[in-house]
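Below is one structure, written out as C-alpha cells; the observations come after it.
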Protein chains: 4
Amino acid sequence: MIRAGIVGGTGYTGVELLRILAAHPGVEVAVVTSRTDAGLRVDALYPSLRKHIDKVFSLPDIEALAQCEVVFFATPNGTAMLMAGELLERGVKVIDLSADFRLQDAEEWSRWYGMTHASPDLIEKAVYGLPEVNREAIKEAELIACPGCYPTAVQLGFLPLIEHGLIDVRHLIADVKSGVSGAGRKAELAMLMSETGESFKAYAVSGHRHLPEIAQGLARAAGQPVQLTFVPQLVPMIRGIHATLYGQLNTDAEDIQAIYQQRYRNEAFVDVLPQGSHPDTRNVRGSNNCQLSVHRPQGGQTVVVLSVIDNLVKGASGQAVQAMNLMFGLDETLGLNTLALYP
Amino acid sequence: MIRAGIVGGTGYTGVELLRILAAHPGVEVAVVTSRTDAGLRVDALYPSLRKHIDKVFSLPDIEALAQCEVVFFATPNGTAMLMAGELLERGVKVIDLSADFRLQDAEEWSRWYGMTHASPDLIEKAVYGLPEVNREAIKEAELIACPGCYPTAVQLGFLPLIEHGLIDVRHLIADVKSGVSGAGRKAELAMLMSETGESFKAYAVSGHRHLPEIAQGLARAAGQPVQLTFVPQLVPMIRGIHATLYGQLNTDAEDIQAIYQQRYRNEAFVDVLPQGSHPDTRNVRGSNNCQLSVHRPQGGQTVVVLSVIDNLVKGASGQAVQAMNLMFGLDETLGLNTLALYP
Amino acid sequence: MIRAGIVGGTGYTGVELLRILAAHPGVEVAVVTSRTDAGLRVDALYPSLRKHIDKVFSLPDIEALAQCEVVFFATPNGTAMLMAGELLERGVKVIDLSADFRLQDAEEWSRWYGMTHASPDLIEKAVYGLPEVNREAIKEAELIACPGCYPTAVQLGFLPLIEHGLIDVRHLIADVKSGVSGAGRKAELAMLMSETGESFKAYAVSGHRHLPEIAQGLARAAGQPVQLTFVPQLVPMIRGIHATLYGQLNTDAEDIQAIYQQRYRNEAFVDVLPQGSHPDTRNVRGSNNCQLSVHRPQGGQTVVVLSVIDNLVKGASGQAVQAMNLMFGLDETLGLNTLALYP
Amino acid sequence: MIRAGIVGGTGYTGVELLRILAAHPGVEVAVVTSRTDAGLRVDALYPSLRKHIDKVFSLPDIEALAQCEVVFFATPNGTAMLMAGELLERGVKVIDLSADFRLQDAEEWSRWYGMTHASPDLIEKAVYGLPEVNREAIKEAELIACPGCYPTAVQLGFLPLIEHGLIDVRHLIADVKSGVSGAGRKAELAMLMSETGESFKAYAVSGHRHLPEIAQGLARAAGQPVQLTFVPQLVPMIRGIHATLYGQLNTDAEDIQAIYQQRYRNEAFVDVLPQGSHPDTRNVRGSNNCQLSVHRPQGGQTVVVLSVIDNLVKGASGQAVQAMNLMFGLDETLGLNTLALYP
C-alpha cells in the first residue's frame, strides 16, 4: 500500500481525493492536514466519508508528511511551492493540484497569480500531469503539476486538430462553462446559491489565469505560439465543465471524426462519441472521463468541438490519482473506474 | 381598453402574455383559447394568475377572435399561418409569437420547419417585430412576426458592430445558452428535471431553426450575406438566455463601448453595461430588458459581446407586447416596466 | 409622495424593498444606507435596478433619515433597536424587518438572540405587522415589527383552526421548508451553491429563533399557551416557503374549508385554494400572496394545512410595504399587485 | 459470476441497477430488456455507461430470462406479477423493484394500484426486501418485493421507537420530501424542469400508494395497527429522500440515541449520526446508506427523527442488490461500497 498524504484536505479537491483514495485498492491515506480544522475528525466535517475515512485533520507538518511516499497538495495557490522542495529532497513524490508549477515561465506565473514564485528552480523539474500528452514523463516524474480544470477540457478537445495542423492556431476560441464547485469551498458572496442559482454569466473575459496555461499547452502541441480567446462562464450546477471550442479549418481533406478516434483509441478516460453526438456533463459526473464530439456545422470551415469533464475528477483529483498510478507503476485506471452518476 | 385575444394560452409564452397583460393598463384580455384545456378556468391551470385573470379557456373560434382588436398567437409553429389571414381580413391585428412569418423566404421556411407554408402571400405583409430595428414599420404593421428568443439576444448583441462595418461578417460565432423554458410546456423526456438538472449540453450543432432567422437579420444589417456558426446550449435554469458572441474586428480605430452606448441610447429595453461588466441572466429575469457588455480580451482583434435577456419576456411575450404598444400608438413601455426578480 | 429611507439596503430584504418601492406610485426612495457599500451606486451593486433606482448608498445618518416620513430597517438583528427611538422621537415612522421588536418579552428576546435588548421600552410601542391579525393597530402604529418569514407562513396557516378552537394547541407541528435566500446575503460556507444545491436538510431542530415568535402569535389567537414543534428545513431553491402544518382536530362537526374561506374572504393577499389543492411555492414567487390549502387525510383527526409564501415578499419586504400602506392611509394593495413569476 | 437479467432497463431504477451491477465483482449482466428501445445499444441511450456495459436492449423474452440466475424487475407496476411466476417455476430468483408484491393483502393492493392482482398466490411467497428487518428471510427467498423509496426512509427512521414501544402508534406523522427522480423516467408535464425547478410542493396528501406499505411495515413492528399521516413532497433536486418523522413519546425513561445506535450497530448501511446532527441528502447521494438522527426538541414529548437515503440506491436499486447478495450467500455489501458524491 502506498502511503499518501493530503495537504489541504478541506477543500473540494481535497475531499474528492479522499473519496477516490478511500476506494483505491493500492493506497492508504496516512495524513490529512488542514490548518483551519486540525483536530477535527475528517468525517465530522464530511459525513459522506463516514465508515470510509477514519482520520483526524492534523496541522501540516513536514516530518509527518515525509513518512508518506506521495503527498498531494490540494491547497490554494502559493502553498505547494513553499513545501514541495523539502518533501522532494526527502524522497517523497509530490502531486500538486494547485497552479504553482503549471506555467513554465516563473515571471508569467507571477504576473497572473500576483505573487513572486518561491521555487522557480522546481518549475523545470515539474511535469505537467496530463497523461494523454505526457504519459512517459509522468511515469518518471517526482513532481507533478496537475492541469487546471478548464485547461484539461480545452486541451483534450483541441489537441487532435492542432497536432495534425488542421486549424489556424491564430484564431482559437474556447467558450467554456463550469459548475460552481470550480470556485472551491470558500465563503464568498458571489458563490451563494442565491447568487449563482437560476442564472448564467461569463466572468473574467478580460483575462483568466487558465488562459496562459491553455495557451502553453496548445503551443507545445502546435510547435508555435497560438492565439486563444478564452471565455469562462458559470453554470448553475455543482459539477461539470463543458468546453465549446471553435477553430477555422485550413483543409477539407481530412476525416476529423476518424482523427479524434485514432488519437484517443488507447486512452481509458477520453471517449470520442459517435458522429453527431452532443455530450452532457451529467454523463461524466463523478467519473474520470472526458467525453468529446466534433462537428462541422453546415459543412463549413468552422469546426466545433464539444468536450465535457467533471471538474473535480478528470479536472482535478481523478487526474491527480491517474498521475499517481503512473508514477508508481500501477494500472493507470486503478481506483478510477467509478461510473458516472446519472441521473 | 384594447380587446386582446390569445390563441394557445396554455404554453409558457401564453401564460407569460397573461402575466403581462393582466397588469397592462390599456388592455383587456377578452379571449384565451386552448384546444386541450377548453372549458377549464385559466387560473385552475395557472394558480399564479388567481385574482388577476377571470377567464375560461375556450376553443379557438374565428368569430370570437374577430371581436378582438389584436390577437396574439402563442401556438406551436404552423397554426398562425392557418388563421392569420382571416383575422387580418376582418380588421384584427395579428401578433405571432411562433415562427410562421419570421423568414422572408417561404421555401427556406419549409425546409427548416418541415411543412409547406400555408400563407406565403402573408409573409411579405409581416413585419419582423424587433423594435430596435423596425420601430417605424411595426407602428404601421397589421401582422407582426415576433423574433425568436435566440435571435433577439444575438441580433441585439451583434447589430452595432455589423451596422458600423466593424467586423468580418464571414466569421461570426454565436455561442448561446438558454434556460429550459425555451423548450416550451411539452411533455418530453429530455426536458424532465432529472434529465436537464445539474447538467449542461449543446444541441442541434448541425443546424437549428433559429440560424436562418439570425442570419437573415444580420444580413439585412450588413447589406450582404453573413456566415454564422450558431451553437445553442441548454442551461439547468428555467429562464434566461446568455449569448456569447465572437467577431473579428477589421479596425482598431473605434471606441466600441461608445458605439454600443450610442446605438442604444434611446432604447428603453436595451441597456449597455459599463465597460468591463459581465451581465447575469438573473438581472433581467422577469423583465423586458436586454443587458449587454462588450469586451476585447487582451486588446486583440477578437471582440466578445455578452448579451442577456429573459427568453419568455424580451425573447417572446414582452417583446410582443412592446410591438402591440407601438401598433396601437401607446407608450412603448406601457405594462413592461416590471423589475427583474433578484435574487 | 412619501419619502422613504432604507437602512441596510444591501441585503436581500433591502434589495427586495427597492424592487417593490421603485414601482410603488406613492413612494419616493430618498435614502438608502449601507455601511459596507457607502459611496457606491445602488445599481452598480444591483444591475437589476438599473434605470429604476438612481441612488448612491450612503452611510447611515440620523439627520438624513429624519428627513424621511418612514424608515425601513432591513438590517441584521440588533441595529433597529439602537436607532428606532431617535427616529420615532423626530416623528418618523419606523418599519423594522429584523427581529428586534417581534417578541413581547425582552428577556426571552435576549435569550434567543444572544444580546441584551437595547430598547425594551419600545417593545410595547411596537405593533406586530401581520395585517391579517393586526390591521387596525397597524394603521395607528408608529413602529412596526414585521413578522419573520417562517412565522408568517405558519401563523396564516394555523390561525383559522386556532381562532375557532378546532385543534389541540398542545400538539402543534410545523414542518417548514425555506429557500436559501432566507439565510440572507452573507458570505457563509454553508450557503454556497455547492453546499446547498441538490440537497435537502433540516437545521436547528433543537430550537430556532422563530419558534418563540410563532408560539407568541398562536398563543394570542388561542387565548392560552401553545405547544409547538417547529422544524425548519432548507430547500435547494432561492425563494419560497412551504409550511406543512399538523394539528389534531377536537371536533368532527365543522366544514374546515368553509372556515378558511370565511376567515380570509376579505384578505387581498391570502388565497384559500379549492378543496384538494396543493399549493406550489412557484405560484407565489415574487408576489405578496399566501396560498393555502387544508386537508384531512383519510378523514381522520389529523388536519394538514399547506401554506406557501415568497419569503422575501409576504415573508418580509412585501408585508412591510403592506404595513406602510396601512400606516399612511393608502390602499393596502398599492404597489403590491405584481403577479407571481411562473414558470 | 451470477448471471443477472434486468426487465425494464430504461427507467431510472434500471439504469441505476446497471451502474451498480457493472461494478459488482460477482455479477454478469446477461440480459437487459426494453419494449420501447429493443435493438438499441444500452450505452447509446445511457452514455454514462459507455465502456462499462456492452449490451443491446432486447425484447422481454422468458426463454432468455430463464437462462439467468436472478431477474430484476425495474418495470412499472403490473408487469412483474405477470412474469414472475414462470421465472420462479424455472428456478430463477426474482427481485421486484416495483410495487407488485409489497402489500400482503391483494385486495388492498388492487384498491391502491387500480388493477386486479394477477398473481395473488405469489404474494405470500414474496419476502419484503428490507434487510434491516427481514435479513434471514431474504437469504432464503426466491421472490423479493423491494420496498418503496419513501417506505425505506420512513421505516428505518421509525423502527427503533416502535420496536421498543416508546411512541404512541396512533399518532405517527411522516413528512417526507423526495427528489424528482422518484417520479421515474416518464414524459410528464408536471416533471419538467420548468415545472419542478425552483419550487416546492406537497402532493397526494389525501392518500399515496406508499401509505399502506409503510403502515403494514410499522404495524408488523408494533404488533398492532398504526395510524399514520403521510405527506409526500417534491424537492427541486434529482436524488434524495428526507423523511422528517414525528412521534409522541410515552416515556421519559429512555436514552433514545443509545437505542438507535444499538438497533443499527451491525448494519452496514444504516448510520446513526452523533446527537444533535442533521443529515443532508447529499451525504448519501449515490450511496446505499441511510443516515439518521433523532431529536427531542425542547426536551418535550415530541420526538423528531430525520432519515435520509438516495431514493434510487437504498430506496431502490442498491437495496435490491443488497437483497441479491443475501440471496446468493455473498457478502451483503459486495458492490455497494461506493461513496456518496459530495459536493
Residues of residues 290-297 of chain A with a heavy atom under 4.5 Å from any heavy atom of chain B, in residue-number order, are A:H295, A:P297
Chain A contact via B:L228 - which portion, at a heavy-atom distance below 4.5 Å
backbone
Does the side-chain hydrogen bond (donor to acceptor under 3.5 Å, both in side chains) test come out yes or no for A:S199 and B:D280, once each step is laid out?
CA-CA 6 Å; A:S199 195; B:D280 261 69; 3.3 Å; yes
Distance check, rounded to the nearest 0.5 Å: A:N288 atom CG versus A:L312 atom CG?
11.5 Å
Quick check: closest heavy atoms across A:S277 and A:L306, and the distance to 0.1 Å?
O-CD1, 4.3 Å
Within the side chain of B:H242, is there an N or O that forms a donor-acceptor pair under 3.5 Å with the backbone of B:V176?
no
Could you check which of B:S194, B:A202, B:G276, B:G179 has the highest count of heavy-atom pairs closer than 4.5 Å to chain A?
B:A202
Please rank B:V308, B:V304, B:I173 by heavy-atom pairs under 4.5 Å with chain A and give me the top one.
B:I173
Answer with side chain, backbone, both or neither: which region of B:P236 has an atom nearer than 4.5 Å to a non-hydrogen atom of chain A?
both
Go through the atoms of B:L211 and report whether side chain, backbone, both or neither lie under 4.5 Å from a heavy atom of chain A.
side chain
Of the listed residues (B:Q227, B:Q248, B:Q233, B:R282), which shares the most heavy-atom pairs with chain A below a 4.5 Å separation?
B:R282
Selection from A:Q301, A:H171, A:K177, A:R239 maximising heavy-atom pairs under 4.5 Å formed with chain B:
A:K177
Should the ring pair B:Y246 and A:Y246 be called parallel, tilted or perpendicular, given that the plane angle runs from 0 to 90° and is split at 30 and 60?
tilted
Working note: B:N289 + B:I309, criterion side-chain contact (heavy atoms from CB on, under 4.5 Å); need CA distance, chi angles, decisive distance, verdict.
CA-CA 6 Å; B:N289 296 330; B:I309 60 170; over 6 Å; no
Considering only heavy atoms, which portion of B:F200 lies under 4.5 Å from any heavy atom of chain A: side chain, backbone, both, or neither?
both
Would you say the side chains of A:N311 and A:Y12 form a donor-acceptor pair under 3.5 Å?
no
Could you tell me the separation between the CZ atom of B:R19 and the CD atom of B:E16, rounded to the nearest 0.5 Å?
4.0 Å
For a quick test of reading the model, state the closest non-hydrogen atom pair linking B:V169 to B:P225 and the distance between them.
CG2-O, 3.8 Å
Could you tell me whether the side chains of A:Y342 and B:E195 share a donor-acceptor contact shorter than 3.5 Å?
yes
